[in-house]
Structures are given as C-alpha cells and as structure tokens.
Amino acid sequence: MSLKIYNTLTGGKEVFAPINPPKVGMYVCGVTVYDLCHIGHARSTIVFDIIYRYLKFSGYDVTYVRNFTDVDDKIINRANELGIKSSEVAARYIDEFNTDMGALGLASPDVEPRATGHIPEMLEIIESLIEKGKAYELNGSVYFSVRSFPEYGALSKRNIDDLRSGARVDVDDTKKDPLDFALWKASKPGEPEWESPWGMGRPGWHIECSAMGRKYLGVTFDIHGGGKDLVFPHHENEIAQSHASSGSAPVKVWVHNGFVNINSEKMSKSLGNFSTIKDILKQYHPEAVRYFLLTSHYRSPIDFSPQAITDAHKNLARFYDLLSTGMELGVTDGSNADPSMVEKFRELMDDDFNTATALSLLLTELKKMNHLRDDMAKMKKKSDDYKNSKEKLLAGIASIKTLGGVLGLFGLEPGEFIEEFKSEKLKEIGMSADQLDATIKARAEARKEKDFKLADTIRAGLDDKGIKLSDTPEGVKWSVSFD
RNA sequence: GGCGCCGUAGCCAAGUGGUAAGGCAGAGGUCUGCAAAACCUCCAUUCAGCGGUUCGAAUCCGCUCGGCGCCUCCA
C-alpha cells in the first residue's frame, strides 16, 4: 500500500508521488506574528508536524519549511497601539510562538524563514511578473492582474465571474480590476519599508510564500499546507503569482486542515470565542491537547471542549501506565516493535493520515497488553508461559511507544507524565506532598487497626479534592481523578 | 447570491458499495475489608428524513430538514 493524500486542488485522494524521491519538499504557512496563538494555530501546526513525522517514518527525506509572516497590516496596527516598532512586535510574538509550540512538543521545521528576510527574492518575482505583462505598477504599488491568469480559481473551485468583487472586497480605484491584488504596497509614513524599483514600500501578503517556497524548495515542490481558510484568497493568489512568473505550477499537493470549533462555530477573534494555547496549557497537559487534536481527522472540524480534552487525558494516562510497566520490564526503545502492528499502522496512516483510527489501533493494543499483564501476574515467573508472555508484552509496548512516537506521543518518561500532573494537582488544592503523605499514612494505620470507617472517611476526604487512592500489592498509590 | 463541507449510540468519533472501529459515560462480573486501577461481559437490526440506483447503501444519485465554512484579515 502506498500513501494517499487528499489534494485540495483535485478534490480527491491521490497516491503520493514525490518529484525527486526520496526527497520531499513541504511548505506550510505559519502564523502572522501580531498576537498570541490560539488552539486553532496549534491544530494546524500539530497536523503538519504529524505529516512531517509520518513522511520521515515512511522513509522520505523531507525538507519542511514553515514561515513567519513578520510584516503585515495587523502587525503595524499592533505596533502603533503599543507604541513600538513593528519588528519588535514580530520578535515578541515569534518568541511566544516558539514557547507555546515547544510546550506542545513540536518538531522544528528544517527552515523557518521570515518574510522580511526575503525582500529581494520577492522583488525578483514581482519584476518578472511585470515583464511578462501579468502585473502592473500604479502610484508606487504593484498589482497582479488576475484576469491574465486563466487558471485562477482552480484551487478554490471558484469562477472569476462569481466572485462578487466590489460587494465585499474594497473597491480600490487604483486597481484596474477589483479582483487584482497587491504584490507590493507603497508605504505610508511610519510604516516598515524597503527600497524597490517603484519606490519605498512593503510586500503584499501572498508574495512572501511564493518567494520563500521557491527559494528553499524549488520552482515546483511536493506539498503545500495551511489552514482551510487560506485556500482563498491566499493560496489561490500564491498559485497565480508563482505559476505566472515561472510558467509551471508551484505545488503538486495542497493540504488543508479543518478548524477548531467552539460549540460548532469557528474559533475566531471576531467572535471572541478563542482560547490561547497558554490558557489551555494552564489547565491541561500539552500532550493531552495533542492527543485530543488527533482524535478526529485533520480535514474535519473538531469541537473543543473540556470534556474532549479530559477524555484524551484519561486515555493518555492509561498508555503511560502501561508504558511504566514496560520500563520496569526493560523496554528502552522500539527496536523490537511488532512488525504486523507497524504494518497496520502504516495502512491507516497511508489513508490520508487517519490519526483517529491509528489511535484506536494503539488503544486496542493497549487493552491486549493490559490483559497480558494481568495474566502474567498470575503466572510463575520461571514458567515458559511467563517468558513467552513477557516477550509479547515487550513487543506490544515497544510497538505502542514507537508508533505513538510517530504521532508525537509518549515521548515523556512515564513517571514524568504522571508526576507532573500530580504535582499540579497538589498545587491546585493547596496541599504539600508531605501533608498528603501523612494523610495516606494515617489511613494506612487505620486500616491496620481494621478501623475501616476512619480509613474510608480519610479516603473520601481526599476523593472530594480530586485525589484517588488505590491499595495495590506494591502499597498505596494515588492519582488524580477528573470527575 | 456563488462555491463547499457536515448530520453515525447519552457524549466524542472512524468507516464512503458487502452488511456499524475505538474512546468517554452507563450496567453486571473478576479482584478488593470496601474501593480504585486493570481485565471480562453487555450497551446503534441501524447511520437526519423521504424517494431512487443496485443482488446488496451509512456509503452512489435526487429532494427535504438541520448545522457549519469560504467568498474581507484569519490556522
């Protein structure tokens, strides 16, 4: 079986055939750095993080480029509000982006170019477009002539004549056609600006991706990604510019991720219903956020809710519990992963990165391994049965760890995941580890004295605070409950 | 107005022509002083509704109802 990817351009799943295998070039639209990132940005970044990881897992030599848009109207507005330079705004939010995405465990792209570092490359494309009669200069700005590009609308399935230009698009008298868009904008006083053949100015939004994609990945590359909302106009315009300038299509496969919704509505600033990554990470473990985002297909909308992330966390905790057993038994890496599991995982992921079913495969394996673990507890350690079971268990755990790793999961030491969450809980309820210890000891004393009433009262008291006690053969353990 | 997506159990969610994965919640059981965790069993004759195509449809087609997105900056 081979990897199939849904291509927005053709509207269907296609067998993935890189231009120069095993090399793969992938460009993903990053963020405009004028504010904190919300969970929607996290989704997009995580989706492409997983595509990146999976392509590499599949043996491709991937060059992953993700840009920062660091010159833009919104950044300028923010800079004016704060009374600082727009470059400072950009620097600040690039830092914040890196902090947030780092917390979410994202693999770094191979190149993270910034728009402002590629002005000459943009100017080169713009000049070539003017030469070819695809763009024109007016009052120091340069516009792309949409009607000069017959394929315009192919990506977003739009007919030029259906675009109600003027109704919702600002009619700009300086443009020859309302559909035309800016490649270069003459700068106003106080705005960031660069020299150009048409005077001082700054780039339009779309041209940066055309320039940086071409610079790092070539005139035509394999995959271009971004959020669904970028299909039109951003990616449509990008195709027009790049294609018109080079004479060939810039991208083979266009991949777009769906939105994160709140109560079935798109999360957005204008609706005021967004949650920043920082806020979410105050309440939930970053890996639970990643797990949650993987439970539905990347192209579908996903509804953000506390319940959904809690569910994700519960499942993660189950995995880490098994993984800690694996540690005790000596699993260190995935070298002895079960080949048939890996094969199944591949089949699922090869079908347009179906992470939801891939997770269910891991959950099914989890259940099998827990079953085995329970059985082993009843066996004699020197018996052949025990040895055989242990071998299977180790292979199962190794498979889960390896395949989970492709999804960016289970990277922590099991103890770390569990302890991290527990110490957060103690902080939340204002109890020290020593206090909890003493309480647990008091209950143990009561149990020893067969004073079960007192023991149960103590346990219930902790339970009210969200702390669950378990009496296990290895002693009393505690964990965090959600309900 | 144009283009497009979605509607699967109490909740979340796969499956897109061969007879409904998985998770959460719930019920019963094993274990336990009792619990918890883990495990076992059960939990959609049915996929918004109505027609049609087919030997066969949640899956294809048409219509209806409901929800959402893009067409303006947006992951």
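Side chains are part of it too, since the values below use all heavy atoms of this structure and drop only hydrogens, waters and symmetry mates. Lettering follows sequence order; numbering is per chain, from 1.
Residue order along RNA chain B, read from the 5' end via each residue's closest nucleotide, puts Phe292(A) first among Cys29(A) and Phe292(A).
Rounded to whole Å, the separation between the P atoms of rC55(B) and rG1(B) comes to 39 Å. rU72(B) and rC3(B) have their P atoms separated by 16 Å, given to the nearest Å. rG17(B) and rC12(B): their P atoms are spaced 26 Å apart (whole Å). The same atom, C1', is picked in rA44(B) and in rG10(B); the two are 12 Å apart, to the nearest Å. rG67(B) sits 11 Å from rA48(B) when the C1' atoms are compared, rounded to a whole Å. Comparing rC24(B) with rA38(B), their P atoms sit 8 Å apart, to the nearest whole Å. With both ends at atom C1', the span from rG15(B) to rA25(B) equals 23 Å, rounded to whole Å. Rounded to the nearest Å, the gap between the P atom of rU59(B) and that of rG18(B) is 12 Å.
The interatomic distance linking Ile302(A) (CD1) with rG69(B) (P) rounds to 16 Å, in whole Å. If you measure from atom CD of Glu365(A) to atom P of rG23(B), you get 13 Å, rounded to the nearest angstrom. If you take CZ of Arg299(A) and P of rA13(B), they are 16 Å apart, rounded to a whole angstrom. rU72(B) atom C1' lies 11 Å from atom NE2 of His206(A), rounded to whole Å. If you measure from atom CG of Asn354(A) to atom C1' of rU16(B), you get 12 Å, rounded to the nearest angstrom. The separation between Asp73(A) atom CG and rC73(B) atom C1' is 9 Å, rounded to whole Å. Put simply, NZ on Lys266(A) is 13 Å from P on rU72(B), counting in whole angstrom units. The distance from atom CD of Gln307(A) to atom C1' of rG10(B) is 11 Å, rounded to the nearest whole Å.
The side chain of Leu230(A) has rA75(B) as its nearest neighbour among rA75(B), rG69(B), rA13(B). Looking at the side chain of Thr357(A), the nearest of the listed nucleotides rC70(B), rG22(B), rA21(B) is rA21(B). Side-chain proximity of Phe232(A) to rA13(B), rC70(B), rG23(B): nearest is rC70(B).
Within 4.0 Å (heavy atoms only), Gly258(A) reaches at least one base atom of the nucleic acid. Backbone-only engagement by Ser264(A) is indicated by non-hydrogen atom pairs under 4.0 Å involving sugar-phosphate atoms exclusively. Across all strands shown, Val260(A) has heavy atoms under 4.0 Å from base atoms, whether or not it also approaches the sugar-phosphate.
Shown here are the ring-ring contact (aromatic ring centres under 6.0 Å, His included) partners of Tyr6(A), two or more places apart in sequence or in another chain: there are none. Shown here are the side chain to side chain donor-acceptor pair (under 3.5 Å) partners of Asn7(A), two or more places apart in sequence or in another chain: Glu14(A). Applying the ring-ring contact (aromatic ring centres under 6.0 Å, His included) criterion to Phe319(A), with sequence neighbours excluded, gives Phe410(A). The side chain to side chain donor-acceptor pair (under 3.5 Å) search around Ser145(A) returns none, not counting sequence neighbours. Residues forming a side chain to side chain contact (heavy atoms under 4.5 Å, CB included) with Glu365(A) (at least two apart in sequence, or on another chain): Met341(A), Lys368(A), Met369(A), Ile400(A). Taking the ring-ring contact (aromatic ring centres under 6.0 Å, His included) definition, one finds that His206(A) meets it with Phe181(A), His234(A), sequence neighbours left out. Evaluation of the ring-ring contact (aromatic ring centres under 6.0 Å, His included) rule for Tyr52(A) yields Tyr64(A) as partners, not counting sequence neighbours. The side chain to side chain donor-acceptor pair (under 3.5 Å) check on Asp180(A) picks up Tyr136(A), with sequence neighbours excluded.
Base pairing analysis places rC34(B) opposite nothing; no Watson-Crick or G-U wobble pair with both distances below 3.5 Å involves it. In this structure, rC55(B) forms a base pair with rG18(B), meeting either the Watson-Crick or the G-U wobble geometry with both donor-acceptor distances under 3.5 Å. A 3.5 Å limit on both hydrogen-bonding distances identifies rC50(B) as the Watson-Crick or G-U partner of rG62(B). Nucleotide rG4(B) forms a pair with rC68(B), judged by Watson-Crick or G-U wobble geometry with both contacts under 3.5 Å. Nucleotide rC39(B) forms a Watson-Crick or G-U wobble pair with rG29(B), both donor-acceptor distances falling under 3.5 Å.
Within 6.0 Å of the NZ atom in Lys157(A), the count of heavy atoms belonging to other residues, nucleotides or ligands exceeds 12.
Close placement of the Phe97(A) and Phe68(A) rings is indicated, their centers lying within 6.0 Å of each other. Two rings, from His285(A) and Phe292(A), have their centers 6.0 Å or more apart.
The side-chain heavy atoms of Ser2(A) and Phe16(A), taken from C-beta on, include no pair separated by under 4.5 Å.
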Distances under 3.5 Å between protein N/O atoms and the N/O atoms of nucleotides 2-4 of chain B, please, pair by pair.
| from | atom 1 | to | atom 2 | distance (Å) |
| --- | --- | --- | --- | --- |
| rG2(B) | O2' | Asp162(A) | OD2 | 3.0 |
| rG2(B) | N2 | Arg158(A) | NH1 | 3.4 |
| rC3(B) | O2' | Lys157(A) | O | 3.1 |

Distances under 3.5 Å between nitrogen or oxygen atoms of protein and nucleotides 29-39 of chain B:
| from | atom 1 | to | atom 2 | distance (Å) |
| --- | --- | --- | --- | --- |
| rG33(B) | N7 | Arg447(A) | NH2 | 3.3 |
| rG33(B) | O6 | Arg443(A) | NH2 | 3.3 |
| rG33(B) | O6 | Arg447(A) | NE | 3.1 |
| rG33(B) | N1 | Asp456(A) | OD1 | 3.0 |
| rG33(B) | N2 | Asp456(A) | OD1 | 3.4 |
| rG33(B) | N2 | Asp456(A) | OD2 | 2.6 |
| rC34(B) | O2 | Arg459(A) | NH2 | 2.3 |
| rC34(B) | N3 | Arg459(A) | NH1 | 2.9 |
| rC34(B) | N3 | Arg459(A) | NH2 | 3.2 |
| rC34(B) | N4 | Asp471(A) | OD2 | 2.9 |
| rA35(B) | N6 | Asp471(A) | O | 2.8 |
| rA35(B) | N1 | Asp471(A) | N | 2.7 |
| rA35(B) | N3 | Arg459(A) | NH1 | 3.1 |
| rA38(B) | O3' | Asn370(A) | ND2 | 3.2 |
| rA38(B) | O2' | Asp374(A) | OD1 | 3.2 |
| rA38(B) | O2' | Asp374(A) | OD2 | 3.0 |
| rC39(B) | OP1 | Asn370(A) | ND2 | 3.3 |
| rC39(B) | O4' | Asp374(A) | OD2 | 3.0 |
| rC39(B) | O3' | His371(A) | ND1 | 3.2 |
| rC39(B) | O2' | His371(A) | ND1 | 3.2 |

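Tyr54(A) and Asp350(A) form a side-chain donor-acceptor contact under 3.5 Å, judged by distance and modelled atom types alone.
Among pairs with a residue in residues 388-397 of chain A, none fulfils side-chain hydrogen bond (donor to acceptor under 3.5 Å, both in side chains), at least two apart in sequence or across chains.
Contact check of residues 34-46 of chain A against RNA chain B (heavy atom, cut-off under 4.0 Å) returns His38(A), Gly40(A), His41(A), Ser44(A).
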